[in-house]
> 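If you scroll down you'll find the structure; I have some questions about it.
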Number of protein chains: 2
Amino acid sequence: MSFAPATETFQLFLNKVQVRSPLSAEEQEAVLRLPARPRQIAAHGEIVRLGEQVSHSCLVASGLVSRFSQMEDGRRQHISFHIAGDMVDLYSLMLPAAPSALVALTATTIFEIPHAALSELAFRFPALAAAFWRECVIDGNIVAQWLVSAGRRDARGRLAHLLCEMAVRSAQIGKYVDGSFPFPITQEQISDALGLTSVHVNRSIKALREEGLIQTSRGMVTILDWEALSFAGEFDPAYLHLPPLPRTEVRAVTV
Amino acid sequence: MSFAPATETFQLFLNKVQVRSPLSAEEQEAVLRLPARPRQIAAHGEIVRLGEQVSHSCLVASGLVSRFSQMEDGRRQHISFHIAGDMVDLYSLMLPAAPSALVALTATTIFEIPHAALSELAFRFPALAAAFWRECVIDGNIVAQWLVSAGRRDARGRLAHLLCEMAVRSAQIGKYVDGSFPFPITQEQISDALGLTSVHVNRSIKALREEGLIQTSRGMVTILDWEALSFAGEFDPAYLHLPPLPRTEVRAVTV
DNA sequence: CGGGCGATTGAAAAAGATCAAGAACGGTGG
DNA sequence: CCACCGTTCTTGATCTTTTTCAATCGCCCG
């Protein structure tokens with residue numbers, strides 16, 4: 001098996017960062033030249049253990065990564081999901097003792113970027129320091145929205161909101177096509193993200209499906225009615241600081 | 001009415017920051033000299049409206065401030081609580097369009113610190129930039145813990161966890177004495193923080209009281225059994241990055 | 001003293017959890 | 001290509017937690 005070249009992944013990361021923090025050509029260059037060690041993790045494999053002292057941040061090349069907390073009885077709460085181009089634990093630069101664990105939800109490839117290299121960049125280019133800091137703040141915003149979901153939305157609303165979020169983020173890396181995006185995740189994992197049980201998630205998915213809002217098959221989610229779905233989740237994409245979802249004007253021109 | 005001098009409040013902020021990020025004498029000095037405009041807000045008064053473009057961060061001098069989100073039907077979800085010495089929206093330095101609103105839960109005094117001054121400090125002293133960035137990350141950690149509560153703890157556990165958190169944070173500013181700390185908040189506001197209804201919060205408080213874990217009166221909470229309370233909330237203070245709670249060895253030496 | 005907000009309590013309803021079983025799916029080895 | 005295995009999905013029935021609705025109480029403040 002071959003690895004996607006790190007450059008492609010860095011470019012995804014850079015694209016996203018630049019939506020929020022414009023960078024000079026030199027700064028972009030510097031990011032692209034960051035050292036990166038590839039690593040593959042099987043589905044359900046732990047990437048970082050709770051409390052572990054890390055000396056690198058993880059950039060997702062492919063797959064799906066989650067940051068999570070675990071209760072004493074083993075129940076989990078996922079705190080955020082990360083797709084290709086996401087620097088999962090950029091915050092670890094400021095807090096090397098992992099405050100939460102990282103797990104691969106599906107088979108995943110990441111690049112490990114040494115903290116030393118990131119710090120050096122942040123020191124050399126104040127604009128990069130600000131950009132990284134800003135990324136951390138936005139990641140925090142996303143967690144805050146998950147809190148709003150868990151605290152104040154019912155099961156259907158939580159699910160709708162999550163799907164909208166992942167759709168917009170997938171779109172940003174070009175993975176949202178004709179209303180469909182990859183979301184290869186078990187219902188059990190979704191339940192641990194939404195603070196529900198897998199049974200109830202199953203029923204909520206069924207509800208959205210029967211209402212004609214979404215469709216699912218083999219790790220792909222298709223949003224059939226964006227208006228209705230974002231309404232159901234009271235989804236306002238502003239907190240993501242990303243470009244809006246491309247309109248899927250015409251579905252299926254080819255018969 | 002007179003304002004507490006800003007210096008005292010800055011000192012509280014500095015104390016907390018330095019637990020996590022050691023600063024040189026010069027850096028400390030620079031923080032203490034930051035410009036600060038006092039402002040008083042009545043209970044329930046809005047400090048920052050959603051989406052408002054802000055050009056300063058808010059340092060709490062006294063009272064209780066919350067960051068929150070609001071649903072379309074008016075229901076609220078508090079995202080974090082802030083006490084004296086907390087820079088509530090330090091993140092706004094990186095994201096000036098407020099992603100969530102700020103409200104005073106009780107009568108509150110804050111100091112407004114211009115972003116320009118904060119940025120200038122961050123630029124002049126890389127250690128301060130790192131310290132501020134780290135504060136943002138830790139604030140994010142606290143939100144993540146609230147998410148864990150909302151997602152995976154029952155009402156009693158959520159309440160216990162919140163009280164433990166506020167106790168440790170109060171202790172850090174010297175407001176936790178003999179197991180008691182100020183927490184002048186309505187049950188309605190607590191319910192909006194925990195993702196519950198005020199009725200259910202009332203019943204959960206009653207439960208903790210009847211179990212002999214806590215005691216409440218006139219805006220003060222007394223923790224009668226720290227062991228049991230932190231067990232009930234599965235509270236692990238590590239995420240706060242603060243000194244541990246001082247042991248209240250002897251209660252009531254004076255009869 | 002009166003008013004209003006916040007606390008408290010009871011009863012009934014709803015959302016979600018739990019328990020249990022069977023079906024579908026995806027990959028593996030023969 | 002097929003049979004098999006473990007995982008994930010799906011569904012029903014029942015139980016628990018939390019919400020909702022409504023009424024009363026108490027207390028602080030003007």
Side-chain angles (χ1 to χ4, degrees), chain A residues 1 42-45 63-64 71 73-77 103-107 149-162 182-210 214-221 232-233, chain B residues 42-45 64 66 71 73-78 103-107 149-160 162 183-210 214-221 232-233:
Chain A
M1 179 174 311
H44 302 108
L64 198 51
M71 308 281 95
D73 63 4
R75 277 150 61 234
R76 286 183 176 187
Q77 175 66 48
V103 65
L105 299 182
T106 71
S149 269
R152 286 291 176 235
R153 284 190 251 266
D154 65 11
R156 178 171 163 276
R158 289 182 212 185
L159 182 59
H161 195 276
L162 177 65
F183 197 35
I185 187 176
T186 69
Q187 297 180 357
E188 171 87 35
Q189 291 165 336
I190 294 178
S191 76
D192 285 339
L194 302 182
L196 299 166
T197 57
S198 62
V199 171
H200 205 60
V201 165
N202 182 286
R203 291 178 171 136
S204 303
I205 292 175
K206 186 183 176 192
L208 289 184
R209 229 184 349 230
E210 288 178 352
I214 64 167
Q215 194 176 293
T216 62
S217 96
R218 270 179 286 121
M220 297 288 290
V221 174
Chain B
H44 301 108
L64 198 51
S66 160
M71 308 280 95
D73 63 5
R75 278 149 60 235
R76 285 183 177 187
Q77 176 65 47
H78 292 299
V103 64
L105 299 182
T106 71
S149 269
R152 286 293 176 232
R153 284 191 251 266
D154 65 11
R156 178 171 163 276
R158 289 182 213 186
L159 182 59
L162 176 64
F183 197 36
I185 188 176
T186 68
Q187 297 180 356
E188 170 87 35
Q189 290 164 337
I190 294 178
S191 76
D192 286 339
L194 302 182
L196 300 166
T197 57
S198 62
V199 170
H200 205 57
V201 165
N202 182 285
R203 290 178 172 135
S204 303
I205 293 174
K206 186 182 175 190
L208 290 183
R209 227 182 352 229
E210 287 177 353
I214 65 167
Q215 194 175 294
T216 60
S217 95
R218 272 181 283 119
M220 297 288 292
V221 174

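In what follows, chains are A, B, ... by sequence order, proteins preceding strands, each numbered from 1.
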> Without swapping roles, check the side chain of Arg75(A) against the backbone of Arg152(B) for a donor-acceptor pair under 3.5 Å.
yes

> What's the CD-P distance between Gln189(B) and dC5(C), to the nearest Å?
14 Å

> Output yes when at least one side-chain N/O atom of Lys206(A) is less than 4.0 Å from OP1 or OP2 of dT10(D), else no.
no

> Which whole-number value in Å describes the distance from Asn202(A) CG to dA17(C) P?
13 Å

> Would you confirm whether Arg209(A), through its side chain, and Ser204(A), through its main-chain N or O, come within 3.5 Å as a donor-acceptor pair?
no

> Among dT18(D), dG26(C), dT10(D), which nucleotide sits nearest the side chain of Gln187(A)?
dT10(D)

> Check whether any side-chain N or O of Arg209(B) sits under 4.0 Å from OP1 or OP2 of dA7(C), and answer yes or no.
no

> Tell me which nucleotide among dA7(C), dG26(C), dT19(D) gets nearest to the side chain of Thr186(B).
dA7(C)

> Give me the atom names and distance for the closest heavy-atom approach of Arg158(B) to Arg153(B).
NE-O, 2.8 Å

> How many angstroms lie between CD in Gln189(A) and CG in Leu64(A), if you round to the nearest 0.5 Å?
7.5 Å

> Report which part of the nucleic acid Leu196(A) touches: base, sugar-phosphate, or nothing (heavy-atom distance under 4.0 Å, all strands).
sugar-phosphate

> For Leu194(A) and dA15(C), give me the distance from atom CG to atom P, rounded to whole Å.
17 Å

> Round to a whole Å and report the spacing from CD of Glu210(A) to C1' of dT10(D).
12 Å

> Taking atom C1' of dT17(D) as reference, at what distance in whole Å does atom CZ of Arg158(B) sit?
10 Å

> Nearest to the side chain of Val199(A), heavy atoms from C-beta on, is which of dA20(C), dT9(C), dT8(D)?
dA20(C)

> I need the CD1-P distance between Ile185(A) and dC25(C), as an integer number of Å.
20 Å

> When the distance from NE2 of His200(B) to P of dA15(C) is rounded to whole Å, what number comes out?
16 Å

> Gly219(A) near the nucleic acid: base, sugar-phosphate alone, or nothing, with a heavy-atom cut-off under 4.0 Å?
nothing

> Looking only at side-chain atoms of Arg203(B), point me to the closest of dA17(C), dC9(D), dT19(D).
dT19(D)

> So, are Asp154(B) and Arg156(B) salt-bridged, with charged N and O less than 4.0 Å apart?
no

> Take Val201(A) and Glu188(B), find for each the nucleotide of DNA chain C with the closest heavy atom, and name the residue whose nucleotide sits nearer the 5' end.
Glu188(B)

> Please give, in whole Å, the distance from dT18(D) P to Arg152(B) CZ?
13 Å

